[in-house]
2 protein chains.
Amino acid sequence: MSENQPQMPESSNQPMLGYSRNGARPWPSARPRVVIIGAGFGGINAARALANKDVDVLMIDRNNYHGFWPLLYQVATAGLEPESVAYPVRAIIRRFSNVSFMMAEVTRIDCAAKMVYTPTIALPYDYLIIAAGSANNYFGNDSLAEHTYGLKDLDDAERLRNHVLSNFEYAVSEQDPAIRQRLMTLVIVGGGPTGVELAGAFIELVRHVLVRDYPMLDISEARVVLVEASEHILAVFPEGLRRSGLRRLEKMGVEVRLKTMVANVDAQGVTFGDGSRLETGSVIWAAGVRGAHLGDSLGMKLARGGRVPVQPTLNLATNPDVFVIGDMAYLDTYKPGVPYPMIAPVAVQMAELAAHNILAKTRRRPLRSFHYFDKGNMATIGRRGAVMDAFGVRLSGFLAWMGWLLVHLMFLVGFRNRVIVLLNWAYSYFTYDRGVRLISGLKPESKQHEYR
Amino acid sequence: MSENQPQMPESSNQPMLGYSRNGARPWPSARPRVVIIGAGFGGINAARALANKDVDVLMIDRNNYHGFWPLLYQVATAGLEPESVAYPVRAIIRRFSNVSFMMAEVTRIDCAAKMVYTPTIALPYDYLIIAAGSANNYFGNDSLAEHTYGLKDLDDAERLRNHVLSNFEYAVSEQDPAIRQRLMTLVIVGGGPTGVELAGAFIELVRHVLVRDYPMLDISEARVVLVEASEHILAVFPEGLRRSGLRRLEKMGVEVRLKTMVANVDAQGVTFGDGSRLETGSVIWAAGVRGAHLGDSLGMKLARGGRVPVQPTLNLATNPDVFVIGDMAYLDTYKPGVPYPMIAPVAVQMAELAAHNILAKTRRRPLRSFHYFDKGNMATIGRRGAVMDAFGVRLSGFLAWMGWLLVHLMFLVGFRNRVIVLLNWAYSYFTYDRGVRLISGLKPESKQHEYR
């Protein structure tokens with residue numbers, strides 16, 4: 001904490017951090033107050049850019065950790081421990097003397113009063129950075145929200161891991177072959193990088209690990225099906241890489257169904273657009289995201305995908321002290337009608353600009369507009385394959401996988417996490433095993449009797 | 001699986017593993033069938049002793065992992081990942097061709113019919129090893145069961161970690177100093193090894209890690225209180241080690257209250273036997289265990305602590321094909337009225353004898369009686385202290401801690417877990433930090449508003 005921050009009163013009824021429960025009392029610092037909502041790539045990098053500058057920063061997130069979500073699919077497929085892709089926010093900001101943190105869910109923003117509300121406290125701000133990320137987009141189809149597994153945070157990943165492993169356990173004592181088949185069938189909806197990475201990791205889990213864990217099961221009954229509505233998977237990649245990605249997935253044993261729409265999902269399976277049906281107990285939704293629902297509370301007309309339209313300077317036209325960055329921001333200056341993709345590099349670069357523009361405002365200097373430096377795209381396909389389209393280089397196969405490994409390890413927060421992740425990978429690579437296939441606390445007690 | 005095990009029927013309605021849903025159909029092997037209930041130290045070592053012998057073994061546990069519970073307190077205090085103290089059962093038994101596993105909760109045992117029941121299946125046995133471990137003993141005081149945290153499995157440990165860390169988060173925005181004090185006060189009931197290890201690890205978490213994470217909190221308000229009903233902590237150790245353990249704990253900052261009974265616990269604190277009161281939101285129960293509740297279903301008169309009285313050969317007098325081992329077994333041949341302690345070495349040695357005696361029965365040879373080889377006791381006190389009374393050596397301090405570390409790493413299942421644990425310790429030792437202080441999925445959403 002900076003010297004300008006208030007000390008906790010010893011035994012009085014005074015509010016802490018300069019905040020009172022009704023928000024009436026201002027932060028007792030002469031410096032501008034910046035509130036950042038969200039501790040993802042956007043929030044953390046905005047805090048980093050504002051660190052040790054002449055502002056007071058408060059970061060709010062519903063969790064006490066920053067998640068490195070590009071590796072989340074490895075938690076879901078029992079390749080990494082949940083703890084190795086997440087890092088406590090307080091450990092990250094500890095070295096920033098002017099940044100503090102609060103674990104809370106932001107429920108409402110009042111731009112006119114310049115206040116942010118949580119269930120227990122009201123927080124005034126001078127400048128606001130909204131970086132609350134994204135949520136699953138089910139396009140209004142309630143059956144998808146109810147019966148599919150998402151992959152947005154640690155809890156989702158652990159829930160999915162528990163579910164898939166439990167289904168294999170139940171299959172062992174299941175006598176009805178149709179139900180057994182259903183328990184051993186995984187459907188992934190969406191052929192983007194997330195869907196492809198999940199499909200590759202799941203088929204390897206089944207073919208290399210579970211086959212040894214369950215000698216009493218006929219593992220050829222296990223299926224991993226990747227469903228994609230358009231004509232090709234990996235749409236963000238050039239044609240050659242799309243094709244080599246598809247070939248690799250199919251060679252590994254993934255059934256890829258292109259030009260296939262999902263009409264409905266229930267507890268027993270998927271119904272497709274053409275009326276055909278696939279029996280499965282596990283449907284994973286990787287086909288659509290939208291801006292976080294916090295955007296709805298701004299009282300503005302949102303753009304496509306529930307994203308908040310921002311000016312090129314990343315603030316709102318109506319409230320220029322409010323900046324929206326990352327997955328939540330809608331900005332199409334690069335190509336009208338095509339907003340920047342919802343990926344980490346965009347959030348990081350937007351965070352840096354938002355921080356710069358806030359500092360510029362405090363100094364009454366002109367703001368800069370956003371220009372995206374595109375570093376390219378990569379996606380893994382199984383344990384030693386990947387596609388990579390970056391810095392003018394197009395690669396697939398093992399070399400691309402090495403590149404992917406290097407880049408992701410480099411950006412992973414925290415020395416300790418980096419070592420643990422590397423160790424897990426080395427272990428899994430040399431032993432063809434996975435160490436983390438525990439069915440943990442999130443296992444629903446009653447599910448055992450419900451799967452039929 | 002051995003060649004005698006049935007293969008999964010391709011597409012018929014036949015039962016798997018020789019089990020039908022109503023239990024009518026016997027296991028289709030000529031070899032004796034041994035069912036082991038529980039995958040703890042007892043169950044795993046019984047399976048190991050029966051591996052590749054002339055029997056078919058089925059192990060049942062409600063979880064799919066073996067937990068290394070001597071390190072569980074480190075999960076609860078954010079020192080280790082949950083995954084590093086647990087190991088998938090199937091990965092352990094994979095190399096035993098005659099041992100299989102089923103994840104299920106055993107609900108009932110019928111010794112007359114020689115059947116074990118789960119919610120979905122009935123399993124016949126020729127020999128049964130019951131090794132279901134222990135449960136918390138609240139001595140009939142419902143307020144303890146409702147308002148204290150236990151430490152019996154991974155879920156308990158993660159729940160406790162989430163609770164303690166969340167309370168510190170809530171303390172940050174809490175303006176009422178009495179409530180803040182309550183949020184930052186931890187009470188541990190029970191001065192045995194578990195209570196002492198928890199108290200030592202928690203005070204270090206507070207004094208070395210949380211103090212840096214929460215510069216806005218006055219960490220001197222945080223208290224760790226260890227409550228013990230008798231006159232001394234660490235009762236299983238000789239007088240000198242008890243005293244040095246107590247001195248060390250107090251020097252670290254733990255408040256130890258001896259000769260103090262807990263009368264009642266509610267959501268706001270503890271009431272002691274003398275009517276005095278301590279306000280706290282976190283009470284941890286480490287003062288009593290009993291045999292697992294499965295023992296109640298045997299229809300026998302249980303001994304003290306809900307344990308099942310066994311013969312010196314570890315089987316039941318009434319049902320000599322049923323063996324009960326470990327925490328669940330009551331045997332006082334060593335000293336009448338004093339049963340063997342509920343610790344891992346007893347379970348391991350009993351497992352080996354039970355396996356030996358089952359094989360002896362199949363060969364119509366005489367059974368052996370249990371003789372305990374006492375390897376001694378150890379307990380850690382913080383990050384580099386311990387007490388150790390083993391092999392005639394009595395040690396305290398750093399050397400005892402090194403001994404403890406060595407012994408526990410040696411017995412930890414699985415190369416990967418050993419490396420991860422060692423790495424976590426090295427990291428925590430050199431940086432005085434803890435890497436795992438995430439508030440994860442088990443965080444109750446509503447608790448945020450309930451803590452007042």
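Letters A, B, ... are given to chains in the order of the sequence lines, protein chains preceding strands, and every chain is numbered from 1. In this text, all values refer to a predicted model and were calculated from it rather than measured experimentally.
- Under the 4.5 Å side-chain criterion, counting only non-hydrogen atoms from C-beta, B/E83 is in contact with A/E83.
- To the nearest 0.5 Å, atoms CE (B/M103) and OG (A/S166) are separated by 4.0 Å.
- Rounding to the nearest 0.5 angstrom, the gap separating the OG atom in A/S173 from the CE atom in B/M102 is 4.5 Å.
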Quiz item: Between A/I121 and B/E174, does a side-chain contact (heavy atoms from CB on, under 4.5 Å) hold up when you go through it step by step?
Solution: CA-CA 9 Å; A/I121 207 164; B/E174 180 53 60; over 6 Å; no
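- The two residues A/R94 and B/V209 have their closest heavy-atom pair at NH2-O, 3.7 Å.
- In this structure, the separation between CZ on A/F101 and CD on B/E169 is 5.5 Å, given to the nearest 0.5 Å.
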